Amino acid sequence: MPRSLRDLLSALTAVLLLTGCLTIEENYTFKKDGSGTMEYVVDMSALGEMLKSLESMSEGKDGDEGPGDLDMKDQAAKLKSLPGISKVKVKNKEKYVQRLTFRFKDLTALNGALNVLMPDSTGASHDFFHWDGSTLVRTNNRHALEMGDDMGADASGDSTDPTAFLQSMHYKYSFTFAEAIRDRQVAEGVSQESPEPRQLKLDTDWSVIMKDPSALDLRITLDK
């Protein structure tokens, strides 16, 4: 049966505690009309052979996936039914890397998709993105924080400090716009890079997210 990201992390607790190798990426492109594309990436490739060994031991006769198989087909099926969402694809050519891509008509459609990909325990719908004039505003629900709670609790189960473990796992954003970026506001502890005026790349780790639940919130102002 396909696993959600949190189910998979639970199954991989022992391995993650040894390596802490996990990166989640959200990659966006925005057109002038407000439409665009999104790529959601879960990258555990750094686990490599350890995951492969654990996977082979856990495969059963019933054909269930091993813990290395993060199957996002269920999420993809839900996305395909959402208004304003199209061209949904799951790419898993790289071992232990899952990429889900889609096109969105506007922010309403994008927010609907993100509620499928990143639900939290409240079950409430959340508006992740909205425009404030020429400023794109991102706010977050408790999805990343609850993932960090789960992982941090597992890491501290033997009374060790989970900080180093949480620091080894990263959350990344990238944005590409039709217009140049005039200003940006990001939280302390989030690194930023602008390869060109229309692009912004952000990177932080789960220790920052756990200290500041709003660490993944941001504001990006465009020249338009």
Side-chain angles (χ1 to χ4, degrees), residues 2-28 38-58 65-76 90-101 114 116-121 128 138 140-158 160-174 186-187 189-193 201-218:
R3 294 181 171 88
S4 69
L5 178 56
R6 290 183 67 179
D7 289 340
L8 178 67
L9 291 178
S10 178
L12 291 174
T13 295
V15 179
L16 286 171
L17 289 178
L18 293 175
T19 63
C21 299
L22 168 71
T23 299
I24 291 182
E25 299 179 26
E26 297 179 38
N27 302 315
Y28 299 91
M38 192 266 189
E39 179 188 50
Y40 184 70
V41 183
V42 179
D43 184 351
M44 294 183 292
S45 58
L47 296 178
E49 292 303 314
M50 294 184 67
L51 267 177
K52 185 176 180 180
S53 298
L54 184 59
E55 180 182 45
S56 63
M57 289 187 293
S58 66
E65 302 94 340
D69 295 318
L70 172 59
D71 194 335
M72 301 183 75
K73 292 179 181 178
D74 280 359
Q75 290 94 327
V90 176
K91 304 175 182 179
N92 54 4
K93 293 182 179 180
E94 302 169 72
K95 190 64 173 177
Y96 309 122
V97 179
Q98 194 89 172
R99 300 177 185 272
L100 189 152
T101 62
L114 294 180
V116 170
L117 291 174
M118 297 178 286
D120 65 13
S121 61
F128 288 84
R138 164 71 178 248
N140 287 273
N141 61 6
R142 294 181 55 83
H143 177 77
L145 186 65
E146 289 174 356
M147 285 179 60
D149 279 337
D150 292 344
M151 294 184 292
D154 290 333
S156 59
D158 59 355
T160 59
D161 185 352
T163 300
F165 170 72
L166 293 171
Q167 287 174 339
S168 71
M169 292 181 289
H170 285 252
Y171 208 111
K172 297 182 179 183
Y173 285 153
S174 75
V186 300
V190 178
S191 63
Q192 53 183 300
E193 176 187 0
K201 296 184 178 182
L202 305 173
D203 187 350
T204 192
D205 64 66
W206 250 278
S207 70
V208 175
I209 295 170
M210 300 313 294
K211 289 179 181 178
D212 179 8
S214 64
L216 294 176
D217 294 358
L218 56 87

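Bear in mind the structure is a predicted one, so any value in this text is a computation, not a measurement.
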Item to complete: Quickly, which of D217, N140, L216 forms a side-chain contact (heavy atoms from CB on, under 4.5 Å) with F128? Name it, please.
Response: N140
Item to complete: Go through the structure and list residues passing side chain to side chain donor-acceptor pair (under 3.5 Å) with Y28, not counting sequence neighbours.
Response: E26, R138
Discussion item. Working to the nearest 0.5 angstrom, can you tell me the gap between D203 CG and S174 OG?
Written reply: 11.0 Å
Worksheet item: Rounded to the nearest 0.5 Å, how far apart are OG1 of T204 and NZ of K211?
Response: 10.0 Å
Item to complete: Please assess Y40 against Q75 for the test side chain to side chain contact (heavy atoms under 4.5 Å, CB included), listing each intermediate value before the final yes or no.
Response: CA-CA 11 Å; Y40 184 70; Q75 290 94 327; over 6 Å; no
Item to complete: Hey, could you give me the CG/CH2 distance between L145 and W206, rounded to the nearest 0.5 Å?
Response: 11.0 Å
Worksheet item: Does the pair I24 and H170 meet the rule for a side chain to side chain contact (heavy atoms under 4.5 Å, CB included), with working shown?
Response: CA-CA 6 Å; I24 291 182; H170 285 252; over 6 Å; no
Discussion item. I'd like to check the side chain to side chain donor-acceptor pair (under 3.5 Å) partners of E39; sequence neighbours left out, ordered by chain and number.
Written reply: N27, R99
Discussion item. With a 4.5 Å cut-off on side-chain heavy atoms, are L117 and M72 touching?
Written reply: yes
Worksheet item: Taking only residues two or more places apart in sequence, or in another chain, which ones meet S207 in a side chain to side chain donor-acceptor pair (under 3.5 Å)?
Response: D205
Worksheet entry | Partner set under side chain to side chain donor-acceptor pair (under 3.5 Å) for S191, not counting sequence neighbours | none
Practice prompt. Hey, could you give me the CD/CG distance between Q192 and L202, rounded to the nearest 0.5 Å?
Written response: 6.5 Å
Discussion item. Side chain to side chain contact (heavy atoms under 4.5 Å, CB included), that's the test. Do V208 and L166 meet it? Break it down for me.
Written reply: CA-CA 9 Å; V208 175; L166 293 171; over 6 Å; no
Worksheet item: Distance from T101 atom OG1 to K91 atom NZ, nearest 0.5 Å?
Response: 4.5 Å
Item to complete: Report the C-alpha separation of R142 and D149 in whole Å, then their side-chain angles, then the decisive distance to 0.1 Å, and conclude whether the side chain to side chain contact (heavy atoms under 4.5 Å, CB included) test is met.
Response: CA-CA 10 Å; R142 294 181 55 83; D149 279 337; 4.2 Å; yes
Worksheet item: Hey, does I209 have a side-chain heavy atom less than 4.5 Å from the side chain of M147?
Response: no
